[in-house]
Amino acid sequence: MNEPLWSPSPERIASARITAFTEKLREKYSQHFPEYWSLWRWSIANKEVFWRELWDFCGVVGDKGERTLVDGHVMPGAQWFPDAQLNFAENLLKKRGTDDALVFWNEEGDRRRLSFDELHASVAQVQCALRERGIKAGDRVASILPNIPEAAIAMLGTTSLGAVWSSSSPDFGVQGVLDRFTQIAPKVLFAVNGYFYNGKVVDTRDKVMEIATRLPSVELVVWVEYVSSLSRSAGEGWGEGGVFGGSGEKQSSAGERPHPPPRRTLAPVDAGALRERGPEQVDWPAFIAQSASEITFKRFPFNHPLVIVFSSGTTGLPKCMVHGVGGTLLQHVKEHVLHSDVHDGDRIFYFATTGWVMWNWLISGLATGATCLLYDGSPFADRGRILWDLAETERCTLFGTSAKYIDALKKANVVPRRTHQLPALRAVLSTGSPLLPESFDYVYQCIKPDLHLASISGGTDIMACFALGNPTLPVYRGELQCLGLGMATDVFDDNGQSLRGQASGMGELVCTQTFPSLPLYFMNDDDGSRYRASYFERFPGLWCHGDWCQITDNNGMVIVGRSDATLNPGGVRIGTAEIYRQVETLDEVVESIVIGQNFQGDARVVLFVKLADGLTLDEALIDKIKQHIRGNTTPRHAPAKIVQVPDIPRTKSNKIVELAVRDVVHGRNVKNIDALANPEALEFFRDRVELTT
């Protein structure tokens, strides 16, 4: 068993909210929990009691009802809290006062704050305005907004009425948005006139109008004039020297700029002139002008639809997953309070766009009484300092990001520990892809040594995590700390047998019992066949998530990639993360993507690499990469081919798309390139001569 990178102090364990929760269970049920795994096993064996106790401990507002679970042995089909009544927005807005509720930064230097009282008043205005427009429970409301306060306000106003929220970030293309919103038929569309990214202004007005006119369900577009009120820096980017434009050394105190940037605006939206092109349009101030200052919170059943989220959609039309009020809320407060140790008054951040499920997770932090720190723009702005400026200035206690961002910091030699003071920071969370062991080292060496680092994994499909962090457990290099409470997570072989405790225990991630945040249904899937095929056909009656993973000797988890993207040379299954782990330790390689190519009756491993500026892939470097992979893994891991490309395609949420690249290499069409942030990069993989021999 390897030594931990970090262990919590006795004081930290004593103050953790999961410790208080465990003590409450011990006193109430005379149950002894000597360590976390006894608590986890109890939460599975006594799932009805666990979720009721969680409801009370986290202060969920609403009526639980008498029954907790009906048909609990059926998955899908079990009914959680069938008699419960609650309102999602009421739970997120239960705190009042002058403490910060939302703090917003962007890369242009704009700063805004809303107290809990101000947030409550703003949501009241939106609720009233939507009600006046005839929006009622069950109607869909959508947005094309960046991560600005108006997005959170509009979501809370929508869900306070029992209407269903869905959002897309403004960097999606027309077809990408239509592929999503056509399926859900929203009545109201909140939209932004433009946004900033990497020092550039992007005008979205024509795109939004095309989308709105092609969505016959949309009756009203509410415009947020984000760009016209903001400034931007001179020039077209953030300087020379690659993504960060330099070493990352801090040049001025957090939040300051040497000179005020010049104004750069878009002309105001002329709603009258545009009205002929589609639905009615109004700007945000006019929309809320006659609205009330109090909110009416009608409560709804536990499984009342709350939000529609989407799969990445790179292999076909995105799946439209409908999640419920109760399951989403219970999972999020569980993960905030017990697994992330968020306290009332904490200040939490997650770098996310409104099109990623982690945005929903962040905003739910309001239910704990925490302040949500919002950021819009490039995470690499201001020479890679911008997010750490925010963390320092705003006294961030939890900093969430993607594994790719952490790896990019490491590659660019950014050392926040040297450039920023982060005394309030207690936790760093990472998700989106497996966090490499070397990135664990980087966090402790270059960000902060006394830190709870939690690699977490679950996803859009369940609005929650199967494996995640625990502030009372040690952190082991390369491992997700623990399985989530109330989640009967296991790893199965192809025959449906558990691999827990076996040395060669790599297999499919499954959940063997029902849990509250199962998707309610997919849109336009009346008989449920697509829903069942997505998760329940591989092992009937069990959830099969599609991750290839292993439960470790520490009772943590290692995830090596999606099971549908695993490599199979000579019939041996290899997780792609096993190869990325080795390649990304090489200074010459900025990023890579690996696929299995069908070749001469077998599947050979092909590695594509994006190299550091000025480097060319030659035989010496090819040999170095192969030897490094082979020497640290097995000969089967070594790629048969290594090919240089100038860019790696990725989704809007920054995930590399192995399946799309595999399709291009095999001459198949990628069904939905609008889901990609940089679809042009796919052309670098088409008809490669290197792959013909």
Side-chain angles (χ1 to χ4, degrees), residues 60-63 81 84-96 101-102 114 116-145 149-168 181 184-191 215 217-224 279-280 282 284-309 320 322-330 332 354 359-360 363-364 366-367 463 520-521 523:
V60 172
V61 177
D63 180 5
F81 296 95
Q85 295 283 314
L86 72 168
N87 184 293
F88 184 79
E90 182 180 14
N91 277 273
L92 271 61
L93 295 168
K94 63 188 177 185
K95 184 174 179 178
R96 302 296 295 270
L102 303 177
L114 278 80
F116 280 93
D117 281 350
E118 289 168 334
L119 177 61
H120 190 279
S122 296
V123 173
Q125 291 177 311
V126 170
Q127 184 199 62
C128 182
L130 288 171
R131 185 186 290 116
E132 289 175 352
R133 296 285 179 159
I135 298 302
K136 58 186 184 302
D139 288 342
R140 272 80 67 195
V141 173
S143 84
I144 305 173
L145 294 174
E150 287 82 359
I153 293 165
M155 181 274 285
L156 290 167
T158 297
T159 58
S160 71
L161 288 170
V164 187
W165 174 260
S166 191
S167 56
S168 170
F181 289 171
I184 70 173
K187 287 188 174 181
V188 175
L189 179 65
F190 289 91
L215 286 172
S217 63
V218 172
E219 300 169 358
L220 175 69
V221 177
V222 181
W223 287 98
V224 178
E280 180 187 354
V282 64
W284 178 277
F287 178 64
I288 62 174
Q290 304 300 319
S291 299
S293 59
E294 290 300 322
I295 308 175
T296 301
F297 291 116
K298 180 181 177 181
R299 294 178 179 175
F300 298 94
F302 189 86
N303 280 337
H304 183 79
L306 170 76
V307 63
I308 301 172
V309 292
C320 301
V322 182
H323 285 285
V325 169
T328 300
L329 181 65
L330 276 186
H332 286 182
T354 58
W359 179 82
N360 303 79
I363 303 303
S364 291
L366 293 169
M463 293 293 280
L520 303 182
Y521 51 87
M523 294 291 290

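Throughout, numbering of the chain's residues begins at 1 and tracks the sequence.
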> Should Phe300 and Leu306 be marked as a side-chain contact (heavy atoms from CB on, under 4.5 Å) after you check the CA-CA gap, both sets of side-chain angles, and the distance that decides it?
Replying inline: CA-CA 10 Å; Phe300 298 94; Leu306 170 76; over 6 Å; no
>> For Phe287 and Trp284, take the angle between the two ring planes, folded into 0 to 90°, and tell me which bin it lands in: parallel under 30, tilted 30 to 60, perpendicular over 60.
In response: tilted
>> Could you report the tightest heavy-atom contact between Gly326 and Leu86, atom names first, then the distance?
In response: CA-CD1, 4.3 Å
> Does some side-chain heavy atom of Met463 sit less than 4.5 Å from a side-chain heavy atom of His332?
Replying inline: yes
> Which heavy atom in Gly157 sits nearest to a heavy atom in Val126, and how many Å separate them?
Replying inline: CA-CG1, 4.0 Å
> Distance from Ser364 atom OG to Phe88 atom CZ, nearest 0.5 Å?
Replying inline: 3.5 Å
>> Nearest 0.5 Å, please: how far is CG in Asp117 from NZ in Lys95?
In response: 11.0 Å
> Looking only at heavy atoms, which two atoms of Val325 and Pro301 are closest? And how far apart?
Replying inline: CB-O, 4.5 Å
> Is the closest side-chain heavy-atom distance between Phe190 and Ser167 below 4.5 Å?
Replying inline: no
> Looking at Glu280 and Arg133, does any basic side-chain N land under 4.0 Å from a carboxylate oxygen?
Replying inline: yes
> Within a strict 4.5 Å, meaning less than it, do heavy atoms of the Leu119 and Ile153 side chains meet?
Replying inline: yes
> What's the spacing between Ile184 CD1 and Trp165 CH2 if we round to 0.5 Å?
Replying inline: 10.0 Å
>> Using side-chain heavy atoms (C-beta onward) and a distance below 4.5 Å, is Pro186 in contact with Val218?
In response: yes
>> Contact between Tyr521 and His323 at the side-chain level, heavy atoms closer than 4.5 Å - yes or no?
In response: no
> When you look at Glu90 and Lys298, which way does the side-chain contact (heavy atoms from CB on, under 4.5 Å) test go after all the steps?
Replying inline: CA-CA 9 Å; Glu90 182 180 14; Lys298 180 181 177 181; over 6 Å; no
>> If you compare all heavy atoms of Leu102 against all heavy atoms of Ala152, which two are closest, and at what distance to 0.1 Å?
In response: CD1-CB, 4.1 Å
> Once the angle between the rings of Phe297 and His120 is folded into 0 to 90°, is it parallel (under 30°), tilted (30 to 60°) or perpendicular (over 60°)?
Replying inline: perpendicular
> If you take all heavy atoms of Asp139 and Gly134, which pair is closest and at what distance?
Replying inline: OD2-O, 3.8 Å
> Would you say the side chain of Leu114 lies within less than 4.5 Å of the side chain of Ser122, judging by non-hydrogen atoms?
Replying inline: yes
> Which pair of heavy atoms, one from Arg299 and one from Val61, lies closest together, and at what distance?
Replying inline: NH2-CG1, 3.2 Å
>> Taking the side chain as everything from C-beta on, heavy atoms only, tell me whether Asn303 gets closer than 4.5 Å to Phe81.
In response: no
> Can you name the one residue among Leu130, Val188, Val141, Leu145 that meets side-chain contact (heavy atoms from CB on, under 4.5 Å) with Val222?
Replying inline: Val188
> Does Leu366 reach the side chain of Leu156, with side-chain heavy atoms less than 4.5 Å apart?
Replying inline: yes
>> Can you tell me which residue among Asn87, Val123, Ile363, Thr159 is in a side-chain contact (heavy atoms from CB on, under 4.5 Å) with Leu92?
In response: Ile363
